[in-house]
Amino acid sequence: MRALQSLALRFDGKRLSVLDQTLLPHAEIWVDVTEPRAMIEAIQKLKVRGAPLLGVAAALCLACIAETGASQAQLESDALWLRRARPTAVNLMWALDRLRRVLERGGSKDDLVQEAEHIFLEDVLLCERMSDHGAGLIQGGESILTHCNTGGLATVGIGTALGVIHKAHLQNKHVHVYVDETRPLLQGARLTTWELSKLGIPHTLITDSMAAILMRDGRVSRVLVGADRIAMNGDFANKVGTYGLAVQAHYHGIPFHPVAPYSTVDTRCARGNDIPIEERAASEVLGFGEKPWAPEGTEVFNPAFDVTPVELVTSLVLDRGVISQAELKSGRLAQGV
Ligand code: MRU
């Protein structure tokens, strides 16, 4: 086992820990998630989050369990519990399926560990590739609007949509970023601003409801977002609020691109309607933690994700290249990514 480290994950060959993202930006506390129960709790509470990072973290957790000498039955059962921890991000299931295939072909503990390490290293590479492809779309001086958090905290590489922004910045394209705060859990306000500050990329924080005004006033040249699951027809699920942004961008004639690795494409989902959408606790909408601001008993609707139809996608940025809306509609994803 080798030591692996990213912005939000550390693996020393035996112990796995993640940066508790619920405490950012005020405290940088690492929590041990070597045990499946701790990992499941961390995933459900969003201490660890972001579709690609969820896959890598769950795979390494299973590798840790294998290291303890767990039986095949135990590993299979833990894998099942891990894959149920969050239902929308398909990268979680994709990574665990890769480990399951190793078990099915009678692979050893070392084979399992090696596969988990490959998944980590592959994500780093995929982030680089999609960021390079996406940065090729960006002109000098663009103002890019982004939603949720899609950077080093959501992957083990430089990120998806935020990776594109990072690359464009490194290419001296002088980009400015509008960061949607991303209600209800504020991944944009807490995490994306934290990452952009560390990277020295100029940015402005807005509430989600301010995006349309910026677009109307010509202050947004492009919208870049991540994806939690992409259906074969090009519809995709991402953090709730993405669909609204896509509608607004379409109305204002602004290019709109999801950015994702091939591990986010789900060959089992024909269209967006097939994507399961996680609904979360009412308390996330009623207020923050102990401090509710709505009257007790208020009814709440709290889907964590929404689905954007392919008609609103200008092009999809994948690690293997940029796919136009026309190509998506003509079944390009079904031909293999
Ligand atoms: O609920 P979260 O914070 O895990 O949601 C994350 C997103 O919606 C991201 O856009 C998505 O996972 C892609 S991140 C590279």
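We count residues from 1, following the sequence as given. Scope of the values below: all heavy atoms of this structure, side chains included, with no hydrogens, waters or symmetry mates. Counting convention: from 1, in listed order, for ligands and their atoms alike.
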Only one of [options] forms a side-chain contact (heavy atoms from CB on, under 4.5 Å) with [X], so which one is it?
X: Arg280; options: Val285, Val240, Leu46; value: Leu46
X: Pro184; options: Asn302, Leu286, Val300; value: Asn302
X: Ile230; options: Leu328, Asp266, Leu316; value: Leu316

Return the residue, atom name and 0.1 Å-rounded distance of the protein heavy atom closest to [atom].
atom: atom 3 (O) of ligand 1; result: Arg49 NE, 2.5 Å
atom: atom 11 (C) of ligand 1; result: Asp228 OD1, 3.0 Å
atom: atom 15 (C) of ligand 1; result: Thr160 OG1, 3.2 Å

Is there a heavy atom of [X] sitting under 4.0 angstrom from any atom of ligand 1?
X: Gly50; value: yes
X: Ala304; value: no
X: Arg86; value: yes

*Examine Lys198 relative to Trp194 and say whether NZ or CZ is less than 6.0 Å from the centre of the six-membered ring and inside a 45° cone about the ring axis.*
yes
Can you tell which part of [X] has a heavy atom less than 4.0 Å from ligand 1: side chain, backbone, both or neither?
X: Cys148; answer: side chain
X: Gln187; answer: side chain
X: Ala227; answer: backbone

At a 4.0 Å threshold, what atoms of ligand 1 neighbour a non-hydrogen atom of [X]?
X: Lys239; result: 1 (O), 2 (P), 5 (O), 8 (O)
X: Phe305; result: 1 (O), 5 (O), 8 (O)
X: Asn238; result: 7 (C), 8 (O), 9 (C), 10 (O), 11 (C)
X: Ala154; result: 14 (S), 15 (C)
X: Ala51; result: 12 (O)

_How long is the straight-line distance from CG of Leu318 back to CG of Leu333, given to the nearest 0.5 Å?_
6.5 Å
*Report yes or no: does Asp217 contribute a side-chain atom to a donor-acceptor pair with the main-chain N or O of Arg219 at less than 3.5 Å?*
no
*Please answer whether the main-chain N or O of Leu153 pairs with a side-chain N or O of Gln21 as donor and acceptor at a distance below 3.5 Å.*
yes
*asked:* Quick test of your reading of the model: are Glu278 and Arg86 salt-bridged, counting only N-O distances below 4.0 Å?
replied: yes
*Do Arg100 and Glu76 touch side chain to side chain, with heavy atoms closer than 4.5 Å?*
no
